[in-house]
Amino acid sequence: AQSVTQLDSQVPVFEEAPVELRCNYSSSVSVYLFWYVQYPNQGLQLLLKYLSGSTLVKGINGFEAEFNKSQTSFHLRKPSVHISDTAEYFCAVSARPGNQFYFGTGTSLTVIP
Amino acid sequence: ETGVTQTPRHLVMGMTNKKSLKCEQHLGHNAMYWYKQSAKKPLELMFVYNFKEQTENNSVPSRFSPECPNSSHLFLHLHTLQPEDSALYLCASSQENSHSTDTQYFGPGTRLTVL
């Protein structure tokens with residue numbers, strides 16, 4: 001079985017500062033990894049995903065994440081955050097067989113002016 | 001706009017009511033999902049439909065009843081719910097095949113309040 005741990009439930013950061021949101025997973029098989037963002041009163045929107053290939057994945061809105069197999073991590077980073085990045089961020093893992101996604105509990109990012 | 005729509009966006013119902021949530025995807029996908037999102041808890045997968053056939057039912061109480069009449073529409077029928085069923089219910093869709101998994105695209109959700 002797969003599981004996802006998001007180590008920080010809340011992350012406050014000042015505008016234009018860098019941010020890292022941490023995600024660790026456990027799985028006995030190869031996995032696919034995803035980051036989603038949820039703005040208030042909206043559904044989840046895909047930020048980026050890792051399926052194979054380069055371990056550094058670039059997504060929308062200037063976010064990127066790096067897959068580290070030895071540390072079973074998939075941390076999300078952005079070099080300079082904006083007020084509009086304030087949202088809930090979810091890490092998810094999926095593995096074959098089956099098409100179930102396993103989500104973390106989310107990290108609430110608050111960007112302070 | 002993700003190509004997945006959900007109605008209604010907000011729903012308040014009593015414990016004796018019967019209501020239905022609707023989801024429609026315009027992406028040509030062959031798999032659809034219902035999730036429950038409660039505060040401070042991971043998203044809980046409730047039901048999965050592949051090619052209109054239910055393939056997952058993660059120990060969901062029978063007061064929740066899914067229906068998938070075609071690959072574009074998914075319903076969640078609700079009856080005799082409990083206050084602890086109050087949550088955001090999210091629908092998602094994806095294109096699945098035996099060799100790969102693909103991104104799940106989510107609707108905006110239905111905020112359900114059970115009184």
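Below, chains carry the letters A, B, ... as their sequence lines are ordered, and counting in each starts from 1. Because the structure is predicted, anything quoted here is derived from the model rather than measured.
Heavy atoms closer than 4.5 Å to chain A are found in the side chain of B:Arg9, but not in its backbone. Heavy atoms closer than 4.5 Å to chain B are found nowhere in A:Glu88, neither backbone nor side chain. Only the side chain of A:Phe90 comes within contact range of chain B, with heavy atoms under 4.5 Å apart.
Most heavy-atom pairs under 4.5 Å with chain A: of the set B:Gln6, B:Gln37, B:Lys41, this distinction falls to B:Gln37.
A continuous path of Ile, Leu, Val, Met, Phe, Trp and Tyr side chains, each step under 4.5 Å between heavy atoms, connects B:Trp34 with B:Phe64, placing both in one hydrophobic cluster. Linking ILVMFWY side-chain heavy atoms closer than 4.5 Å, directly or via other members, places B:Leu115 and B:Leu112 in two distinct hydrophobic clusters. Side-chain heavy atoms closer than 4.5 Å link hydrophobic residues (I, L, V, M, F, W, Y) into clusters, and following such links, even through other members, never connects A:Phe67 to A:Phe34. Residues B:Met32 and B:Leu78 are members of one and the same hydrophobic cluster, defined by side-chain heavy-atom contacts under 4.5 angstrom among Ile, Leu, Val, Met, Phe, Trp and Tyr. Note on B:Phe75: it does not cluster hydrophobically with B:Tyr49, by side-chain heavy-atom contacts below 4.5 Å among ILVMFWY residues.
Here the CG atom belonging to A:Leu44 is positioned 13.5 Å from the OH atom belonging to B:Tyr105, to the nearest 0.5 angstrom. With values rounded to the nearest 0.5 angstrom, A:Phe103 atom CZ is found 6.0 Å from B:Gln104 atom CD. Note that CD of A:Gln42 is 14.0 Å distant from CZ of B:Phe106, once rounded to the nearest 0.5 Å.
For the pair B:Tyr33 and A:Phe101, the minimum side-chain heavy-atom distance is 4.5 Å or more. Using a 4.5 Å heavy-atom threshold, the side chains of A:Lys49 and B:Thr103 count as touching. By the 4.5 Å heavy-atom criterion applied to side chains, A:Tyr36 and B:Leu43 are not counted as neighbours.
Contacts from residues 82-92 of chain B to chain A, taken as heavy-atom pairs separated by less than 4.5 Å, involve B:Leu88, B:Leu90 in sequence order.
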